[in-house]
*Asks:* 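Take a look at this one; I'll ask things after.
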Amino acid sequence: MSLLHLAILLPLLVSLFIPLLYKKIRSVHTGWFVLLVPLTLVIYFSQFISQTMAGKPVTATMNWIPSLGINFVAYVDGLGLLFALLITGIGSLVVLYSVYYLDPKKEALHNFYVYLLLFMTAMLGIVLSDNMIVMYLFWELTSISSFLLIGYWYERERSRYGAQKSMLITVFGGLSMLGGISLLSLLSGSFSIRESLATVSTYSGDPLFTVSLVLFLLAAFTKSAQFPFHIWLPDAMEAPTPVSAYLHSATMVKAGLYLVARMSPIFAETPLWFYLVSSVGMFTLFWGSLNAVKQVDLKAILAYSTISQLGLIMSLLGLGAAALQVEILPDSLYTIATVAAVFHLINHATFKGSLFMMAGIIDHETGTRDIRKLGGLSQLMPVTFTIATIGTLSMAGVPPFNGFLSKEMFLTGVLEVSNSGLFHLETWGLLFPFFAVVGSIFTFVYSILIVYRTFLGPKQLDKLPKKPHEAPIGMLLPPLVLVSLVILIGLFPNLLSNTLIRPAVEAILPQVVEGGGSFPLKIKLWHGFNLELFLTLLIISVGTILFLTLPKWRSLYNRMPKQVSLNHQYDALLRRGEQASTAIHDTVMTGYMRSYLVYIFGFIVVLVLSSLYFLDAFRFDVDPLSSVHAYEIVLVLVLVGSALSITFARSRLTSIILLGVVGYTVALFFVLFRAPDLALTQLVIETVSVALFLLVFYHMPEISRKEERIKFRLGNAAISALVGLSVTLVALASLSQRSFASIAQYYIDNVADLAAGGNMVNVILVDFRGFDTLFEISVLAIAALGIYAMINFRKTGGIDK
């Protein structure tokens, strides 16, 4: 295992010791030990910046299932490194924040930090895996760990509901991703993302390529809460605030954006990719910002704002696909959408992380997040007020903060692509600027709403559960670091332009490097009086008017019937699913073994007979069969006659004798076929079995002649006949054709050399099929323990006699 693999798995490995630390060292908050993990990782990953800047990705391979082409290939390029630094950097601040947010006397900290570290490893695995199967495993691990984190306060009904909702939707996307991976690997012949990209021109015209594209996007849209799959994200707010801050700023929801960015070099030249990614993202931007305004819970407002911002970044990644439809130049304006996507990804992590921490501080220090009860807190909580002001103004795209820079680039990218004439954008392409501006207007409204209703306006101290006061410095420090980055990046954006942004853009658009060799990038705070600046002024002006008139038009939200909402449809779908499953259960699960056997055997019959018919698999050839002698026919008649006679026997003693005849006849067959060991084993087992049967049945009464006979059932008879027919046809087909050479000769040639044995049967059982024999012994041992336990409980009164 390389050091890079160890870094990815480090949080998972450390999580194994967290319960022990929590139990043995209760005097120290467990979070202080956990904090060392992300701090170590962010320092470790920082050393790769110089290599990714030089266009030299780092690769490390750990063999896993090489025969299937599945190995843990860790791959660090500009895109993977950017996400790794976000995951570990924001993770460090979140862990520090949680030390002061979570009370060790009230919370099960060992559970919380185990889930959080598991989540961190899962995210690092996603962004640093080149093998798609390995990436998928980490992808599903994020769904499991986020389920545990969201449902951390499992005693609350809403926490359980939110955890289940996120799990169902994101796992659906994960299964879609698995389908996309299967199809893409089938087309490219590899599970490697880089190898699939290298040969994409050979299979991009295949119809399965489009199906794979859609399946990958379903995974990305569900994970990054794009419309209509966004409904899980607001309910995920039932998690503790440190989880919300981490999930929204750097991890879970960013996984879908990463997937789109990583797979863009493969799919982006397909027009469908441009249409789906850009249009879904743009509508999500509009829908999220529109719904954020009507929320009254601080975290709910921020949740919908995250949906909106994720839509903005997703749309930029889609619009960036236009760069692949034209001649790539290092300074091409068509690449600005991708640059803006990467830049806003970083900016969003800074201001959204600080805002969620701000919301947690408000809840922690006042006892509520309801903006209808808040107000006038600016004088009582001045530092928190400063954090909220800087974070919301950056989110609203107001200069000189970093959000303004990426928002300007967003508007530039939308205008350039809509005027490009690509993909017939000269008509409906005007919708992009429209939704971009409208979504940005509502973004400005809910940003101002957060600050005004929480910190300005009249005080309502009588409505607060707690007397408000400023948070301790430990809780304020993480958001202060983030808002400092908001200001620093806004004033000096080129600190990141060539260190993190350019390498990430080159990973998303590798054709840029191939075509132009380098990608010089310089971000400016002031671009003069251009259309983007006037649109920003329009957004601020209209947004201010809408905020001031909010009481007059906010009631419009109440006119939308709840029955048509996506949340209502989701709940209805769950209810109908439960009702349908209950109806099926009550119909199928009758409690009768006969019914279950009918289902099982009926399915086997349909599967076997249809396979033989449609695959033309049945063959009957007597040439490979040995000649049959008269004494073998006699033994078969005795065997069949004895077996049939058992069903008509009226005496238990007669049944036991006939059963023994069947066993001893089989032993005679082994003798005739020159298998003395098997014959001896059969004789011993049969003798012991008959003796045990006689011992047991000696003490039982004779079979009553008045015993009710089972009625003849045509359906059961048909199933029995068809099962017999199926087995017979399969046996005849197997004897009539040989797809592979017999393995018998291999045993004959190797028994003495490989196993140093002279008895072939014993060597096969002990050496060549040793695991099979071991598992059989294990099954017998488990059965014996179960029988012993039942007998022991019965003797001690543990089971009702």
*Asks:* Only one of Phe216, Phe138, Phe83, Trp139 forms a ring-ring contact (aromatic ring centres under 6.0 Å, His included) with Tyr258, so which one is it?
*Replies:*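 The single option meeting the ring-ring contact (aromatic ring centres under 6.0 Å, His included) with Tyr258 is Phe83.
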*Asks:* Give, for atom CD of Glu408 and atom CD1 of Ile336, the distance between the pair rounded to the nearest 0.5 Å.
*Replies:* 10.0 Å
*Asks:* Could you give me the CA-CA distance, side-chain angles and deciding distance for Val94 and Met357, then say whether side chain to side chain contact (heavy atoms under 4.5 Å, CB included) is met?
*Replies:* CA-CA 9 Å; Val94 166; Met357 292 179 185; 4.0 Å; yes
*Asks:* On the 0 to 90° scale, with breaks at 30° and 60°, tag the Phe435-Phe286 ring pair as parallel, tilted or perpendicular.
*Replies:*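 Phe435 vs Phe286 ring planes: perpendicular.
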*Asks:* Under the 3.5 angstrom rule, does the side chain of Thr121 hit a backbone N or O of Ile8 as a donor-acceptor pair?
*Replies:* yes
*Asks:* Under the criterion side chain to side chain donor-acceptor pair (under 3.5 Å), I'd like the reasoning laid out for Thr443 against Lys407: C-alpha separation, chi angles, the key distance, then a yes or no.
*Replies:* CA-CA 11 Å; Thr443 298; Lys407 183 65 72 67; 5.2 Å; no
*Asks:* Quick one: CG on Leu355 to NE2 on His348, what's the gap to the nearest 0.5 Å?
*Replies:* 9.0 Å
*Asks:* For the residue pair Phe274 and Phe432, categorise the inter-ring angle as parallel (less than 30°), tilted (30 to 60°) or perpendicular (more than 60°).
*Replies:*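 Aromatic pair Phe274/Phe432 classed perpendicular.
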*Asks:* Just checking, any donor-acceptor pair under 3.5 angstrom between side chains of Lys352 and Thr306?
*Replies:* yes
*Asks:* The test is side chain to side chain contact (heavy atoms under 4.5 Å, CB included); show your working for Ser264 and Trp273 and say whether it passes.
*Replies:* CA-CA 8 Å; Ser264 282; Trp273 179 272; 3.6 Å; yes
*Asks:* Please test His344 against Asn402 for side chain to side chain contact (heavy atoms under 4.5 Å, CB included), starting from the C-alpha separation and ending with a verdict.
*Replies:* CA-CA 8 Å; His344 199 70; Asn402 59 358; over 6 Å; no
*Asks:* Under the side chain to side chain donor-acceptor pair (under 3.5 Å) criterion, do Ser315 and Ser278 qualify, and how do the steps go?
*Replies:* CA-CA 4 Å; Ser315 66; Ser278 58; over 6 Å; no
*Asks:* How long is the gap from NZ on Lys165 to CH2 on Trp232, to the nearest 0.5 Å?
*Replies:*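 Separation between the atoms: 11.0 Å.
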*Asks:* Do Ile487 and Val483 pass the side chain to side chain contact (heavy atoms under 4.5 Å, CB included) test, and can you show the C-alpha distance, the side-chain angles, and the key distance before you say yes or no?
*Replies:* CA-CA 6 Å; Ile487 299 173; Val483 294; 5.7 Å; no
*Asks:* Are Lys56 and Asp77 within salt-bridge range, i.e. N to O under 4.0 Å?
*Replies:*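 So Lys56 does not pair with Asp77 through a salt bridge.
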